[in-house]
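So that the names make sense, note that chain A is the first sequence line, chain B the second, and so on, each numbered from 1. We use all heavy atoms of the structure for the numbers below, so side chains are in, but hydrogens, waters and symmetry mates are not.
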2 protein chains.
Amino acid sequence: MDPRLKKYLESTLKEVSIDCTIFGFHAGELKVLLLRWKGTDSWSLPGGRIFLEESANEAAVRILRERTGLQEIFLQQFYTFGAANRYKNFSPDELIKTLELTFGEDFFDEKLMKRNISIGYMALVEFEQVVATPDWYTDECRWWEISAVPTLLFDHNDMIETALKALRQQLSYQPIGYNLLPEKFTMPELQRLYETILDKQLDRRNFQKLMLSYDILEKLPEKRTGGAFKAPFLYKFDKEKYDRAIQEGITFKV
Amino acid sequence: MDPRLKKYLESTLKEVSIDCTIFGFHAGELKVLLLRWKGTDSWSLPGGRIFLEESANEAAVRILRERTGLQEIFLQQFYTFGAANRYKNFSPDELIKTLELTFGEDFFDEKLMKRNISIGYMALVEFEQVVATPDWYTDECRWWEISAVPTLLFDHNDMIETALKALRQQLSYQPIGYNLLPEKFTMPELQRLYETILDKQLDRRNFQKLMLSYDILEKLPEKRTGGAFKAPFLYKFDKEKYDRAIQEGITFKV
DNA sequence: GCAAAAGTGTTAGCTATACACCCATGT
DNA sequence: ACATGGGTGTATAGCTAACACTTTTGC
């Protein structure tokens, strides 16, 4: 076994780890960042272990930074997955084969097939700013459309499902968008974000009225040109008011 | 060390455990069930370890049953506490002294002072039905008024605080009361429950109108007598409709 | 009879929703 | 010119919130 891997395993918690559902928004689609395990066609959520002297939250920030290059973004725990058997999507044999391909034969029975509990974190990131970077145990790190996510290793499909539910719920008592949209965006873009997350159509006029009523947006004098239609105004979030709204928990009725 | 204790420690997860904030409601006060550690004056939340072949949720149900005698009640995960140092309320020396008093000198450094992550569960139970039962490591198990909870071991004061926040939030999109009140109760009793949890006064007429509008209550022909005032009607929850409301997530506007 | 607490209905203001026409832009 | 999508206001219904007097009961 690689001595660096050995050291990593020895300096981290063994029974509990972290998995991150990282949401991005691009071209009107909600996306999620996935990793392909070395030498396999199997995908999973980005995850990692917690160093002994590090809090779970710190570990989540670190993992997110390692995979996306970003920090200081929306990141929060949403559920801890503690089932005794979290390997439901594949038979034990299939899974062992995958893990052997990635880690070598001396690894899986020692460390990975044992009981493991995972703390699920959810992150919202600006798609364009992400530099998707694979792990030491993965070949590829890329965005998948939420509706096209393949069958993932472990219980990671459940995790995405649960994260999405938590995100939808969040939406109803906190503003969302600051970490998912570029600095400047149009009202229709913001609306499409909401429509995508909630998976339902909203009325343009009512949506705009509602968003403006929260007093967290600043209308810019510029417009976005380039389409064969009337140029929409650009907006940006007033970060101070936005943070206050998150703190105080505005009631978003979308 | 007690061989049964040794066996328990060997057949459970070491790095992650469970703590339960068990809420009860009695005499117009919200209460929480606490344990006093053997040979000490130190209190903590009821908690326990997860058996290797058991899910975290199953462990929580088991722990709750062991401490209260109840099962099939409202119980849910609300947060996982993953700070690197969760012993903030006492100095290491004080804590070691407490743990030595309870477990003997050969225990704490071996098992307990190591890094530990705790999954926080919250339960709502019918006060009158609880048979509060101490642990093998505790002398006493009893209810404390939420406002009179002493400084607890580890980060358990934070846990109660966080559980209470989660409970308040829950209140706004799900009915609450089935597991906290006796089978039959009056409208003012239900209102006091809500007022206690939310820590604010509500209007009697509006509260009644709202509760009745959810169509989860059944008005009984009986009244509660015994006070020097007009006898209030008794109600009970229509369990079927109540469960449906929980499932569908009614918007409670209190 | 008096104190304590419960029963009950109406109104005003606000919020959510439904809905349609005109305008700017690129092809 | 035309297709595409954006800008904008009003009317209605439903919900929330404020509010007071009468009734029952025990002492």
Side-chain angles (χ1 to χ4, degrees), chain A residues 27-29 168 171-175 177 181-182 184-196 198 200-236 245 248-254, chain B residues 27-29 171-173 175 177 181 184-196 198-236 245 248-254:
Chain A
E29 290 282 349
R168 283 187 183 134
L171 215 60
S172 64
Y173 59 93
Q174 279 190 351
L181 293 171
K184 299 173 184 180
F185 51 89
T186 67
M187 193 60 76
E189 282 164 2
L190 181 61
Q191 181 175 344
R192 237 160 286 140
L193 170 62
Y194 272 77
E195 288 179 336
T196 304
L198 295 171
K200 71 174 178 192
Q201 299 298 108
L202 305 171
D203 181 90
R204 272 192 300 139
R205 286 158 292 189
N206 293 338
F207 180 80
Q208 178 164 79
K209 249 182 299 177
L210 192 68
M211 288 297 142
L212 293 178
S213 77
Y214 298 139
D215 190 31
I216 55 174
L217 291 173
E218 190 179 331
K219 190 173 188 170
L220 303 172
E222 318 151 59
K223 297 181 177 190
R224 164 150 309 159
T225 57
F229 45 79
K230 189 169 180 177
F233 282 100
L234 286 167
Y235 292 82
K236 64 173 197 170
E248 294 170 6
I250 268 173
T251 311
F252 267 67
K253 273 286 146 64
V254 191
Chain B
E29 289 282 348
L171 215 60
S172 63
Y173 60 91
L181 292 171
K184 298 172 182 181
F185 52 88
T186 67
M187 193 59 77
E189 283 163 2
L190 182 60
Q191 181 175 344
R192 237 161 284 138
L193 171 63
Y194 271 76
E195 289 179 335
T196 305
L198 295 172
D199 195 24
K200 70 175 179 194
Q201 298 299 108
L202 304 171
D203 180 271
R204 273 192 300 139
R205 285 159 291 188
N206 293 339
F207 180 81
Q208 178 164 83
K209 248 180 300 175
L210 193 67
M211 288 298 142
L212 292 178
S213 77
Y214 298 138
D215 189 31
I216 54 174
L217 290 173
E218 192 179 330
K219 189 173 188 169
L220 302 172
E222 316 151 59
K223 297 183 176 190
R224 165 150 309 158
T225 56
F229 44 80
K230 188 168 181 175
F233 283 99
L234 286 168
Y235 292 82
K236 66 172 196 169
E248 293 170 7
I250 267 175
T251 312
F252 267 68
K253 272 287 144 63
V254 192

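- B:Lys219 is not listed as a side-chain neighbour of B:Leu212, based on a closest heavy-atom distance of 4.5 Å or more.
- Across all non-hydrogen atoms, the minimal contact from B:Gln191 to B:Asp203 is NE2-C, 4.0 Å.
- Regarding B:Glu189, its CD atom lies at a distance of 11 Å from the P atom of C:dG7, rounded to whole Å.
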Can you give me the N/O atom pairs linking the protein to nucleotides 22-26 of chain D at distances under 3.5 Å, or say none if there are none?
| unit_1 | atom_1 | unit_2 | atom_2 | d |
| --- | --- | --- | --- | --- |
| D:dT24 | O2 | B:Lys230 | N | 2.5 |
| D:dT25 | O4' | B:Phe229 | O | 3.1 |
| D:dT25 | O2 | B:Ala228 | O | 2.8 |
| D:dT25 | O2 | B:Phe229 | N | 3.2 |

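- Contact between the side-chain N/O atoms of B:Arg192 and the OP1/OP2 oxygens of C:dA6 is found at a separation under 4.0 Å.
- As rounded to whole Å, 10 Å separates atom P of C:dT15 from atom OH of A:Tyr214.
- Across all non-hydrogen atoms, the minimal contact from B:Phe233 to B:Leu220 is CD2-O, 3.8 Å.
- With a 4.5 Å cut-off on side-chain heavy atoms, B:Met211 and B:Tyr235 do not count as touching.
- Between B:Leu234 atom CG and C:dA6 atom C1' there is a gap of 13 Å when expressed in whole angstrom units.
- The closest side-chain heavy-atom distance from A:Leu210 to A:Leu202 is not below 4.5 Å.
- The CZ-C1' distance, from B:Arg204 to C:dA5, rounds to 7 Å in whole Å.
- One atom, NZ of B:Lys209, and another, P of C:dG7, lie 14 Å apart when rounded to the nearest Å.
- Between B:Arg224 atom CZ and C:dA5 atom P there is a gap of 15 Å when expressed in whole angstrom units.
- Nearest-nucleotide positions on DNA chain C place B:Phe233 closer to the 5' end than the other of B:Phe233 and A:Arg205.
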